Structures are given as structure tokens and as C-alpha cells.
Amino acid sequence: FPVTIIGNSLTTGTGVNITTNGLTSGVGLALNSSNKAVTGDLAKFELTGSNSSITGNALKVGITGASAAGTAVNVTNAGTGYSLRVNDDGTYTDTTAFVIDASGQVGIGTTTPGAALDVVGNVKVGATATTGSITFSPLSDASVFTIQSTYASNSAFIGMTNQRLTFNTSGPYRDWE
């Protein structure tokens with residue numbers, strides 16, 4: 001049975017309040033569907049309109065007790081779709097979204113991450129664009145890390161294997177200073 005709650009004239013207060021103070025196990029509110037053909041949204045929280053006075057949150061989740069040890073947001077995905085998707089262009093079809101796919105790969109600026117962390121665009125480390133550091137924590141002395149830059153047919157490579165630092169270039173000769 002469909003339930004509709006309309007709060008067009010609500011300006012302050014709470015539109016719907018579910019209090020579960022005595023709940024020690026179980027679920028306070030459950031939205032479930034066992035239909036195998038769900039193509040819509042099971043739940044949707046959306047603030048619409050371009051009114052500049054909309055300054056609230058569409059969804060706010062929190063555990064505010066200082067001694068609480070629970071998880072504020074727990075996402076489980078047994079399928080192949082995204083576990084999390086954040087669109088920053090005002091649509092639901094952003095092609096440069098922030099995503100976490102079903103295998104745990106994170107994409108920033110891409111919806112198809114090809115590595116544990118796949119960033120399309122610039123990465124800034126530190127307080128300014130000219131300072132900062134990237135720390136690699138190898139598994140052993142024999143571990144390898146590489147930093148590689150490729151521009152056109154030229155590339156630069158910095159690597160470390162067995163405590164030996166290597167520099168390599170291809171393309172036109174470059175002086176190391």
C-alpha cells in the first residue's frame with residue numbers, strides 16, 4: 001500500500017519522526033524489495049529547485065555519541081554496480097564522478113577505475129602546489145616503486161629496487177641536475 005506524506009506548509013520542526021529508543025537489536029526502519037526487476041530507486045532523498053535559501057542537507061547521517069563504536073554508513077554490494085557514486089555536476093549521469101566500484105576500486109574523475117586508485121586530473125600533495133611528499137611503504141627491501149611520466153613519445157622513470165634508485169629517460173637526451 002502506498003503511503004504519501006505531504007508537508008508543503010512545514011517551515012520548522014520535523015515532518016516525520018521515528019523514535020526507536022528501546023531498540024537493542026534489529027532495524028528501526030527497513031526498506032526492502034525482493035522484486036528481481038527493480039529499475040527505479042528504493043529510496044530517494046532530494047532537495048530540488050534553485051532557490052538560494054536551500055542551505056540544508058538532503059541526507060544527514062551520523063553517530064554523535066562520543067563513546068559510540070558503531071559505523072555511521074555501512075555499504076554492502078554483492079552485485080557489479082557502484083558501491084558509492086558522488087556526482088558533482090548536478091545530474092545523476094556525471095561522467096567524471098567520484099566512484100567506488102563493486103571490487104573496491106576508487107575512481108576520481110572517472111567512472112571506470114582501472115586500479116585501486118585511479119585519478120583523472122591533477123593530484124595535489126601538501127599545502128601548496130610546490131611542496132609535499134608521497135611516502136611509499138614497501139613490503140620488504142626488494143619491493144619496487146616507480147614514478148613514471150609520459151608525454152608524447154618522451155618518458156621519464158624513477159624507480160627503486162633493492163635500495164637502489166634508478167633514473168631513466170627515453171626520447172631526446174635530458175640533463176639531470
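Start at 1 with the first residue, then count along the sequence. Source: prediction; values computed, not measured.
- Here the side chains of V106 and P113 are not in contact, with every heavy-atom distance at 4.5 Å or above.
- A donor-acceptor pair under 3.5 Å is formed between the side chain of N77 and the backbone N or O of G79.
- Annotation: the span from L31 atom CG to L42 atom CG amounts to 5.0 Å, rounded to 0.5 Å.
- To the nearest 0.5 Å, atom CD1 of residue I108 and atom OG1 of residue T110 are 10.5 Å apart.
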For side-chain contact (heavy atoms from CB on, under 4.5 Å), just list the numbers for N87 and F98, CA-CA rounded to whole Å, side-chain angles, deciding distance to a tenth of an Å, and then say yes or no.
CA-CA 7 Å; N87 298 307; F98 168 83; over 6 Å; no
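- Separating the CG atom in D88 from the OG1 atom in T96 is a distance of 5.0 Å, to the nearest 0.5 Å.
- Hydrophobic clustering (side-chain heavy atoms under 4.5 Å, transitive across Ile, Leu, Val, Met, Phe, Trp, Tyr) keeps V120 apart from L117.
- Within the 3.5 Å criterion, the main-chain N or O of V73 finds no donor-acceptor partner in the side chain of T71.
- The hydrophobic cluster containing Y92 does not contain Y82, counting ILVMFWY residues as joined when their side-chain heavy atoms lie under 4.5 angstrom apart, directly or transitively.
- Separating the NZ atom in K44 from the CG atom in L59 is a distance of 14.0 Å, to the nearest 0.5 Å.
- V119 and V99 end up in different hydrophobic clusters when Ile, Leu, Val, Met, Phe, Trp and Tyr side chains are linked at under 4.5 Å.
- Without hydrogens or angle criteria, R85 side chain to D94 main chain gives a donor-acceptor distance under 3.5 Å.
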Going through the distances and angles, do N21 and T19 end up as a side chain to side chain donor-acceptor pair (under 3.5 Å)?
CA-CA 6 Å; N21 289 335; T19 303; 5.5 Å; no
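- Here D101 contributes atom CG and T80 contributes atom OG1; the two are 10.0 Å apart, rounded to the nearest 0.5 Å.
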